[in-house]
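Whatever order the structure lists them in is the order used to number ligands and atoms, beginning at 1. Just so you know, residue 1 is the first one in the sequence shown, and it goes up from there.
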Amino acid sequence: MTKLVGVLTAGGDTPGLNAALRGLGKAAIERYGMQIVGFYEGFRGLMQNRTIRLDGSNLSGILTRGGTILGTSRDKPNNMPMGGQFLDMTDTMVENYKRHHLDVLICIGGGGTHKSAAKLMKKGLNIITIPKTIDNDLSGTDHSIGFDTALGIATDAVDRLHSTAHSHHRIIVVELMGHNTGWLALGAGIAGGADVILIPEIPYETKSIAEAILSRSRGGKRFSIVAVSEGAMSRKDAAKMRRVEEELAATGKSPEKEKAEARLLKLRQQHTANTINLAAELAQMTDLESRVTILGYVQRGGTPSAYDRLLATRLGTAAADLINQGKFGVMVAARGEGIEPVDLEKIVGKRNTVPVDHPWVLSAREVGTNLGD
Ligand code: F6P
């Protein structure tokens, strides 16, 4: 019997999503004779039953296109914004899955998408996920679609900032994405030759950064590039965060818990304010001019790199193979040159952060990069 496959892309977009849809779709249709229905805008489209039949015509010519032809959203099945309130719409999604007589739902996404997909799996749906995120923070897979492209864009930005910082004898603080992990800033900082790299996993001391910049100045280099991950924090703020997290763990469901959650969210969201304050403090402490560049969404835009196209095609086609084998409840993980199905339950809710003794961290230190500690 012809297998019916549903697919959606959810969470923040990344370059390479279309390449994954194409890999999955072409293999499923051409190799296995399956049929594919795409749901628009992630789980919202599944709830609203907004679909498009994917076939040879719309899967062609998208390998190199950024974004996702299906659109995406961060809406979650159990917490769906509906007319000013948040509702649990999981059952409606289960009904729509059944209405289409789907054999499986493929969810392409990051950490949030994996949590949502696992909830649908618990409701009895056959699920396969494909990992994508520019943050590289998904556990269980060596690589995720989008990271390589974002790394290239961020590295190019750090490269380009050198000549202007050098010409004006300035400190340029460049904020890179990464959510609460430092892979992107660390990778681009090393590849782009940043003088200081600040990541969430290593809370910083502004004085240590200023000293590193002053020592460069004394050596005749009157400019510095500081690559800062959006989630990086000073030691003081990190300690504050830990205290609120502990408070949160100790409180049951109560108004105190809500207050602690709000405080935590505020601390997590003050990225740009932290970056701007840091640049101002460094200018004051070093007597050099400073400027800020927030790279932002440009890191997620445009054409995927060759590596991401290849990865997305490998993961997409592997997902089609797993459907054919009837293997569900897994993420298609990249493992070395190969692919491995990993049980969703084993990886949901886990985050791949930068170990403080990771080889990238050690190499950065060995070339004399200041990591703020
Ligand atoms: O997870 C990808 C990411 O780009 C993060 O690096 C960033 O913190 C976040 O998404 C931005 O989210 P949004 O697209 O919802 O503004």
* **Atom CZ of R335: over 12 foreign heavy atoms under 6.0 Å** =>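 It does: R335 CZ has more than 12 such atoms within range.
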* Within reach of ligand 1, part of L184 (heavy-atom separation under 4.0 Å) ->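 Near ligand 1, L184 shows nothing, with every heavy atom at 4.0 Å or more.
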* Asked: Which is it for Q299 and ligand 1 at heavy atoms under 4.0 Å: side chain, backbone, both or neither?
  ->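 Contact part for Q299 vs ligand 1: neither.
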* Distance to 0.1 Å, residue and atom name: give those for the protein heavy atom nearest to atom 15 (O) of ligand 1. =>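 Closest protein heavy atom to atom 15 (O) of ligand 1: R74 NE, 2.6 Å.
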* Asked: Out of D135, T133, T72, D13, whose heavy atom sits nearest atom 5 (C) of ligand 1?
  ->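 It is D135 whose heavy atom sits nearest to atom 5 (C) of ligand 1.
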* Can you figure out which of E230, R300, H179, K132 has its heavy atom closest to atom 8 (O) of ligand 1? =>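 The nearest heavy atom belongs to E230.
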* Checking side-chain contact (heavy atoms from CB on, under 4.5 Å) against P131, which of L311, V342, I145, L138 comes through? ->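 Result for side-chain contact (heavy atoms from CB on, under 4.5 Å) with P131: L138.
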* Asked: Do R44 and S73 have side-chain N/O donor and acceptor atoms under 3.5 Å apart?
  ->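 No, S73 and R44 have no side-chain donor paired with an acceptor closer than 3.5 Å.
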* At a 4.0 Å threshold, what atoms of ligand 1 neighbour a non-hydrogen atom of Y297? ->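 Per the distance check, 11 (C), 13 (P), 14 (O), 16 (O).
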* **Where ligand 1 meets M177 - atom numbers and elements under 4.0 angstrom, heavy-atom basis** =>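 Checking each atom against M177, I get 4 (O), 6 (O).
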* Between R351 and D135, is the closest basic N to carboxylate O distance under 4.0 Å? ->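 So D135 does not pair with R351 through a salt bridge.
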* G178: heavy atom below 4.0 Å from ligand 1, yes or no? ->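 Flag set, G178 near ligand 1.
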* To do: Please step through salt bridge (charged side-chain N to carboxylate O under 4.0 Å, His left out) for the pair D91 and K123, ending with a clear verdict.
  => CA-CA 8 Å; D91 290 342; K123 290 275 183 176; 3.1 Å; yes
* For residues Q284 and T206, determine if any side-chain heavy atom of one lies less than 4.5 Å from a side-chain heavy atom of the other. =>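 Of all side-chain heavy-atom pairs linking T206 with Q284, none is under 4.5 Å.
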